[in-house]
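Take a look at the structure set out below.
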There are 2 protein chains.
Amino acid sequence: MTRDRIIDEALAIVESDGVDQLSMRKLAAQLGTAPTTIYWHVGGREQLLDALVERYTSRLVASAVSGRSPAERIVSAARQFRDHARDHPHLSAVAHERGLGATVALPLQLALARELTAAGLRGRRAGRAMRTILYVVGGFVLLEPRLPPATPARRPSEDLWRDVEDADIDLGILQEMRAPPDLGDVFEHTLELLVAALLRGARPAR
Amino acid sequence: MTRDRIIDEALAIVESDGVDQLSMRKLAAQLGTAPTTIYWHVGGREQLLDALVERYTSRLVASAVSGRSPAERIVSAARQFRDHARDHPHLSAVAHERGLGATVALPLQLALARELTAAGLRGRRAGRAMRTILYVVGGFVLLEPRLPPATPARRPSEDLWRDVEDADIDLGILQEMRAPPDLGDVFEHTLELLVAALLRGARPAR
DNA sequence: ACCTGAACACCGTTCAAGT
DNA sequence: ACCTGAACACCGTTCAAGT
């Protein structure tokens, strides 16, 4: 038995079935060994989860940013956070829980920072833009897997809104809230609006 | 023993110590009864959590929106989501996990919808604005308790950024990312920007 | 150095038995 | 109708004992 084998096996379980399905005893059984062996090689459950995230992080690479205009490239960099979280929802969740979210996200953050710089933002304004985009995107990425259809709600928002009668609320809002959301559309729309506002007046560095 | 006493006690535990600290056996001991009594009165753990959220929701009331301009009032309505989540982080988390987030949030959502309508937004545009604000705020509210200082990260973002050397990244971004974030400031700044963009050209209803 | 079984202190849940 | 204890099938973790 080796530390590597244990971590690989655990990583596979978490990636496919989520962290709830990972137990020291089940993992040991699956590896054909005693639970205590895991303790010797990697330590307790928390250390195992940390090791998982570390291995996963080391495999990560930011893919290339696309788009011609600065705004397009910034949105493209931001989209990578979402794409990544959608591809590895369970591991993203574990990384966050273990306080390692920043470690996982760093390569993507650097790519975004470069695009903001290339767009001509400087100083305090650039810093603010970075934080703003980061938190909007980070929040969206946390929100998405908790929304239907990823997680079916027992009291879906649409149903609750169907019972709403309020003359002070516009019909367009009622219609929107009574239909299932198009998350991709909201993501793109929000980012475009935000990036446009953040870039207003900035001149791309040559 | 009554159903009400059980739920109240469980609610108190979750509210103060979080859902991880709620166990059927500990709760029973605290109530001076056998675990099985809880099963008779409210059912298993999941049903107990649902009952918790239901009771909590029934106590909720949206407080009044403040501000003179439409934009100020919209931001004020949005801010209530954050204030509420900060006041009851554990219960918000449980509501989300149990797919009851929409139920809890509905009163606040209605207040926001009314302000958007009062600001003069109509139809498809009003619907989109609603979703946009809702998801930005909802995401922020999920993100905030996972960020330092609420949850101390083992590899804080600030530390990771201290080691970054990259001529293609503006110094303002590096400085911002190396300092602890002012979450309240980011929240306000993001919302003001977003609401301004969403309201552009809209005329308040009479 | 590496692996084991036994044991401890917990869980949630079921069910037959009591009153 | 309401409550109980015993039992089942799980957990994570420790530790003395083996090789």
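Just so it is clear: chains get the letters A, B, ... in the order the sequence lines come, proteins before strands, and each one is counted from 1.
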Between A:Arg25 and A:Trp40, just flag the one whose closest nucleotide in DNA chain C comes earlier from the 5' side.
-> A:Trp40
Test side-chain contact (heavy atoms from CB on, under 4.5 Å) applied to A:Ala150 - qualifying residues, sequence neighbours left out = none
May I ask you to say what B:Ser23 touches in the nucleic acid, namely base, sugar-phosphate or nothing, with a heavy-atom cut-off under 4.0 Å?
-> sugar-phosphate
Mate of D:dC15 across any strand shown (Watson-Crick or G-U wobble, both atom pairs under 3.5 Å) is C:dG5
Using atom P of each nucleotide, how far apart are D:dA9 and C:dA9 to the nearest Å?
-> 22 Å
Side-chain donor/acceptor of A:Thr151 to backbone N/O of A:Pro145, under 3.5 Å = yes
Is there a donor-acceptor pair closer than 3.5 Å between any side-chain N or O of B:Ser76 and the backbone N or O of B:Glu72?
-> no
Cut-off 3.5 Å, side chains only: do B:Trp161 and B:Glu176 have a donor facing an acceptor?
-> no
Boundaries of the DNA chain D segment in contact with chain B, non-hydrogen, under 4.0 Å = D:dA1 to D:dA7
At under 4.0 Å between heavy atoms, what does A:Arg45 touch on the DNA or RNA strands: base, sugar-phosphate, or nothing?
-> sugar-phosphate
Name the orientation class of the two ring planes belonging to B:Phe140 and A:Tyr135 (parallel below 30°, tilted from 30 to 60°, perpendicular beyond 60°).
-> perpendicular
Between the CD1 atom in A:Ile38 and the OG1 atom in A:Thr33, the distance rounded to the nearest 0.5 Å is 7.5 Å
